[in-house]
Chemist: 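Just dropping this structure here.
Convention: sequence-line order gives letters A, B, ...; per-chain numbering from 1. This is a predicted model, so every value here is computed, not measured.
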Amino acid sequence: MDNHAHITILSKNNNVGLARLSVATFASELDFTLNEIEEIKVAISEAVTNCIIHAYPFEEGLISIGLKIVENKLIIVIEDNGVGIEDIDAVLQPAYSTKDDHMGLGLAFIDSFMDEFTIDSNRDSGTVLTMAKVPEKHKNKKINNVIN
Amino acid sequence: MDNHAHITILSKNNNVGLARLSVATFASELDFTLNEIEEIKVAISEAVTNCIIHAYPFEEGLISIGLKIVENKLIIVIEDNGVGIEDIDAVLQPAYSTKDDHMGLGLAFIDSFMDEFTIDSNRDSGTVLTMAKVPEKHKNKKINNVIN
Amino acid sequence: MNIRTESRGDVLIARVSGELDISTVPYFKKKILDKTESTGINNLVLNLEGVSFIDSSGLGAILGRYRYLKKKDGKVLLVSLKPQVRKIFTMAGMLKIMDSYKNEDEAMNGFNEGRIA
Amino acid sequence: MNIRTESRGDVLIARVSGELDISTVPYFKKKILDKTESTGINNLVLNLEGVSFIDSSGLGAILGRYRYLKKKDGKVLLVSLKPQVRKIFTMAGMLKIMDSYKNEDEAMNGFNEGRIA
Ligand SMILES: Nc1ncnc2c1ncn2[C@@H]1O[C@H](COP(=O)(O)OP(=O)(O)O)[C@@H](O)[C@H]1O
Ligand SMILES: Nc1ncnc2c1ncn2[C@@H]1O[C@H](COP(=O)(O)OP(=O)(O)O)[C@@H](O)[C@H]1O
């Protein structure tokens, strides 16, 4: 059942849909509900949009999306070689944005919708977002096992 | 408008849908009709299925899908590191298959549905399929230009 | 991929929906085989109205059912092929060996006419 | 992304369908701006029934229209939010500043009640 895939796209607005759809299709191998798939789509959309807007503000760059299924866990690694993040703690605050007309909710959405979420970033060498999600169904199973 | 993307998947039955959907989404940036998108989906399905069945008959391997839009042309390169093809002329014949229960129509479908199609293969180093398609709309334009 | 079946006399109707490719062919084969064996019915009406995608693996699976049932003097009739699905069947020459009908009723009539003749 | 608009008195109704993300936000902004400017209407009913996806870029674009029209004493009302769309609006706290209605008629009533009060 374990699977993995890798997608590289250019940081173009049009490619956000491609990223979202590919990841949703890959994720559908697991027992996610439609609602959970929607949450994954929002997380991908936010992460890829951040690469387009923030990581590569001046010219197009590459966005790498690594996908993995290990047992019942979907693991997604989104990587850019863009400008990087100076203060990771700051950007993780909801409503914090380094751009005036942005809501600063992207990373907060990712954090709410995914079970695990970490950021690694270095000024000028880029940013790596790692996120993971397990279908609710399987989480319940685990809890039931503990209870019984 | 030019764009490119790259997808790597494992040679698992389940991943054919992912390949098809990703390519269809990427292709939809061009002016393809729904019917043409369906044709592209069949071509991808055949090429990726061949990698799964023929290129890696014994164990899973990687399938690489390169996507490019250059002006109005969609270019797709599908590559495996599998067993390779011994006699390319032979396999290009419709109804030719090296497997008993297969129809031998995959490559014929690709050839009908795409405008350009070439195979490069070496025994034991794998196979590269390159195909390209231009939306009918734009082909007509070219012809009109010549006529006028 | 979803397959619902119904038997009407000596005809099994299978209503297939979803994508028929290498990932769903094993389920398709097993489901049709199980149903024809458990009912002993050798005539099959394949309603493909809900099939949104088919490639040569899907065609191969249908051809396989056709050959299997033909050996038992059964027939396979096709129903409700969408234009893009019909195109694939036509290109493969499969409409030369299997009849195709607009709807299930016409296909059932197709069986009965065959019998009177 | 598809946006159809209709004016009813001093209210512009915009029926949006498709995915509202960074790739469609420029079209959304331009379409709403053009229509409100050309009609001089500052009240907007956004019918999002056909919106199958929205992320924070989409929310940002709607918030932008809200701020722009508010400066002109206009209002933005939301109509027909699907559950997953409503969740995103709620999480962003946007339903605290914009009212949401089941359908267009109720939203139009919402405007009228506001006026009587
Ligand atoms: N891939 C990235 N590269 C560089 N900076 C980023 C990246 N992703 C996020 N950031 C920074 O984190 C901030 C917060 O991001 P987010 O919560 O998504 O809100 P927004 O995108 O609306 O600003 C951004 O304003 C930006 O400064
Ligand atoms: N990627 C590949 N690697 C190795 N052999 C291949 C590959 N693709 C096609 N072939 C060979 O070409 C033949 C014809 O392929 P095709 O026309 O798709 O029909 P089928 O898959 O039904 O056999 C196959 O039977 C196989 O021998």
Chemist: What ring-ring contact (aromatic ring centres under 6.0 Å, His included) pairs are there with at least one residue in residues 103-129 of chain A, not counting sequence neighbours?
Modeler: A/F109-A/F113
Chemist: Tell me, which pairs form a ring-ring contact (aromatic ring centres under 6.0 Å, His included) where one or both residues lie in residues 15-38 of chain A, sequence neighbours left out?
Modeler: none
Chemist: If you check both backbone and side chains, which donor-acceptor pairs between chain D and chain A fall under 3.5 Å?
Modeler:
| unit_1 | atom_1 | unit_2 | atom_2 | d |
| --- | --- | --- | --- | --- |
| D/E19 | OE1 | A/R20 | NH2 | 2.7 |
| D/D21 | OD2 | A/R20 | NH1 | 2.7 |
| D/D21 | OD2 | A/R20 | NH2 | 2.9 |
| D/D55 | OD2 | A/S45 | OG | 2.7 |
| D/S56 | N | A/E46 | OE2 | 2.6 |
| D/S56 | OG | A/E46 | OE1 | 2.6 |
| D/S56 | OG | A/E46 | OE2 | 3.2 |
| D/K87 | NZ | A/N35 | OD1 | 3.2 |
| D/K87 | NZ | A/E39 | OE2 | 2.7 |

Chemist: Would you compute the distance between atom CG of D/L59 and atom CE of A/M103 and round it to the nearest 0.5 angstrom?
Modeler: 5.5 Å
Chemist: Is the number of heavy atoms from other residues, nucleotides or ligands within 6.0 Å of CD (D/E49) greater than 12?
Modeler: no
Chemist: So which part of A/L34 gets closer than 4.5 Å to some heavy atom of chain D, the side chain, the backbone, both or neither?
Modeler: neither
Chemist: So what's closer than 4.5 Å to chain A heavy atoms on D/I54: side chain, backbone, both or neither?
Modeler: backbone
Chemist: According to side chain to side chain contact (heavy atoms under 4.5 Å, CB included), who are the partners of D/D73, at least two apart in sequence or on a separate chain?
Modeler: none
Chemist: To the closest 0.5 Å, what do you measure between CD1 (D/I22) and CD1 (A/I52)?
Modeler: 5.0 Å
